> 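Pasting a structure below so you can have a look.
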There are 2 protein chains.
Amino acid sequence: MADANLEIETRLRDCGLRPTRQRIALADLLFAKGDRHLTVEELHEEASAAGVPVSLATVYNTLHQFTEAGMIRVLAVESSKTYFDTNISDHHHFFVEGRNEVLDIPINNLAIDNLPKAPDGMEIAHVDVIIRLREKKA
Amino acid sequence: MADANLEIETRLRDCGLRPTRQRIALADLLFAKGDRHLTVEELHEEASAAGVPVSLATVYNTLHQFTEAGMIRVLAVESSKTYFDTNISDHHHFFVEGRNEVLDIPINNLAIDNLPKAPDGMEIAHVDVIIRLREKKA
DNA sequence: CTAGGTGCAAAGGTTTTGCACTTTA
DNA sequence: TAAAGTGCAAAACCTTTGCACCTAG
């Protein structure tokens with residue numbers, strides 16, 4: 001536990017972020033449980049539940065700082081809320097419509113044929129594949 | 001011009017929508033110029049510029065009605081604004097980060113290998129591919 | 001005439017910001 | 001003790017809603 005915190009502290013420091021109590025707690029929640037897809041609201045509630053009172057504003061700020069530092073990624077799946085993904089490796093997502101749930105696509109041999117070239121003066125920053133799911137009618 | 005309006009009126013009627021002045025004008029703006037990617041705000045401004053005063057609320061309502069009717073599609077590219085796409089055929093997009101611009105991927109032989117199965121009880125509603133672009137540094 | 005549509009303004013939800021206070025190094 | 005981070009509340013967005021008025025069939 002102390003070890004885990006030390007690891008997180010080091011990681012934050014490496015990203016140029018001061019390891020404050022709030023950032024350590026949030027990073028801990030984010031990375032302790034494997035890959036996660038969270039909204040600001042959800043992380044805020046988890047932090048409160050975990051006995052770490054953090055203001056919503058700080059959660060916003062922190063998640064954006066983590067994003068800039070490349071520790072997490074923003075997912076654009078739905079236009080009302082911002083989802084953050086703790087898995088920054090190259091992978092793609094299911095999105096369950098109606099339930100607003102993001103899932104990793106498990107066995108990732110998904111590939112794209114004939115990926116187009118970027119227009120002149122542009123380069124590809126990232127390719128997102130989102131497979132939208134709906135509940136099957138019985 | 002009268003012809004075009006008649007066409008649009010018929011189309012709206014077929015979708016169960018009364019062809020009101022506002023809906024005709026908006027449909028006209030949306031479909032007259034080929035495939036487009038617009039926000040509510042942009043369409044509202046275009047309508048005003050075209051001398052068709054329409055309230056923002058009506059643009060929102062109308063675009064949602066058109067979406068439900070299957071005339072247009074919602075694009076989730078960026079989490080702050082909703083983009084609507086007038087091209088409902090199966091195709092994908094570039095998104096220029098920083099400039100917040102949506103472009104169709106032109107020659108569409110893009111294909112996905114090993115598309116995963118939907119989890120139990122779910123079916124695939126739609127697959128979105130978004131290629132995020134950034135300006136190349138010289 | 002009447003069901004449906006529109007406009008306005010107000011409310012709702014998410015995200016950002018300003019500023020005083022606190023904490024880290 | 002500086003410099004950076006945090007919390008609160010207010011503000012800034014984008015979007016939806018309620019209700020009185022208008023309009024197409």
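Just so it is clear, the values below take in all heavy atoms, side chains as well, and ignore hydrogens, waters and symmetry mates. Protein chains get the first letters and strands the later ones, always in sequence-line order, with residue 1 at the start of each. Keep in mind that this is a model prediction, so the values were computed, not measured.
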> Please check the phosphate of C:dT16 (OP1 and OP2 only) for any side-chain N or O of A:His64 closer than 4.0 Å.
yes
> When you check the phosphate oxygens OP1 and OP2 of D:dT15, does a side-chain N or O of B:Thr82 lie under 4.0 Å from one of them?
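So the side-chain polar atoms of B:Thr82 do come within 4.0 Å of the phosphate oxygens OP1 or OP2 of D:dT15, strictly under.
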> Round to the nearest Å and state the distance from B:Glu78 atom CD to D:dC13 atom P.
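After rounding, the gap between these two atoms is 14 Å.
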> Let me know the distance between NE2 of B:His44 and P of C:dC8, rounded to the nearest Å.
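To the nearest whole Å, that distance equals 8 Å.
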> Report yes if at least one side-chain N or O of A:Thr20 is closer than 4.0 Å to OP1 or OP2 of D:dT6; otherwise report no.
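So the side-chain polar atoms of A:Thr20 do come within 4.0 Å of the phosphate oxygens OP1 or OP2 of D:dT6, strictly under.
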> Does a nitrogen or oxygen in the side chain of B:Ser80 sit under 4.0 Å from OP1 or OP2 of D:dC14?
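Answer no for this pair, as no side-chain N or O of B:Ser80 is under 4.0 Å from OP1 or OP2.
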> For a quick test of reading the model: is some side-chain N or O of A:Gln22 closer than 4.0 Å to OP1 or OP2 of D:dG7?
yes
> Do you know which of B:Val129, B:Leu75, B:Asn87, B:Asp128 makes side chain to side chain contact (heavy atoms under 4.5 Å, CB included) with B:His93?
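Passing option: B:Leu75.
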> Hey, does the side chain of B:Tyr60 come within less than 4.0 Å of D:dT16's phosphate (OP1/OP2), counting only N and O?
no
> Quick check: do A:Leu63 and A:Leu26 have side-chain heavy atoms less than 4.5 Å from each other?
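Of all side-chain heavy-atom pairs linking A:Leu26 with A:Leu63, none is under 4.5 Å.
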> What is the distance, rounded to the nearest whole Å, between atom CG of A:Leu56 and atom P of C:dT17?
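Atom-to-atom, A:Leu56 to C:dT17, this comes out as 15 Å.
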> Quick one: B:Asn61 CG to D:dT23 P, roughly how many Å, whole number?
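Distance, rounded to whole Å: 17 Å.
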> Would one find a side-chain N or O of B:Ser55 under 4.0 angstrom from OP1 or OP2 of C:dG7?
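Looking at the OP1 and OP2 atoms of C:dG7, one of them is under 4.0 Å from a side-chain N or O of B:Ser55.
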> B:Asp104 and B:Phe94: which non-hydrogen atoms are nearest, and at how many Å?
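Taking every non-hydrogen atom into account, O-CD1, 4.0 Å.
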> Check whether any side-chain N or O of B:Arg13 sits under 4.0 Å from OP1 or OP2 of D:dG25, and answer yes or no.
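For B:Arg13, the contact criterion (side-chain N or O under 4.0 Å from OP1 or OP2 of D:dG25) is met.
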> For a quick check, tell me whether the side chain of A:Arg18 and the base of C:dA25 share a donor-acceptor pair closer than 3.5 Å.
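Checked by distance alone, the answer is no.
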> B:Arg23 side chain N/O closer than 4.0 Å to the phosphate oxygens (OP1, OP2) of C:dT6?
yes
> Regarding B:Glu7 and B:Arg11, does a basic nitrogen lie under 4.0 Å from an acidic carboxylate oxygen?
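Answer for the salt bridge query: no.
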> Round to the nearest Å and state the distance from A:Lys81 atom NZ to C:dT15 atom P.
8 Å
> Answer with yes or no whether the side chains of B:His91 and B:Asp35 bring together a donor and an acceptor at under 3.5 Å.
no
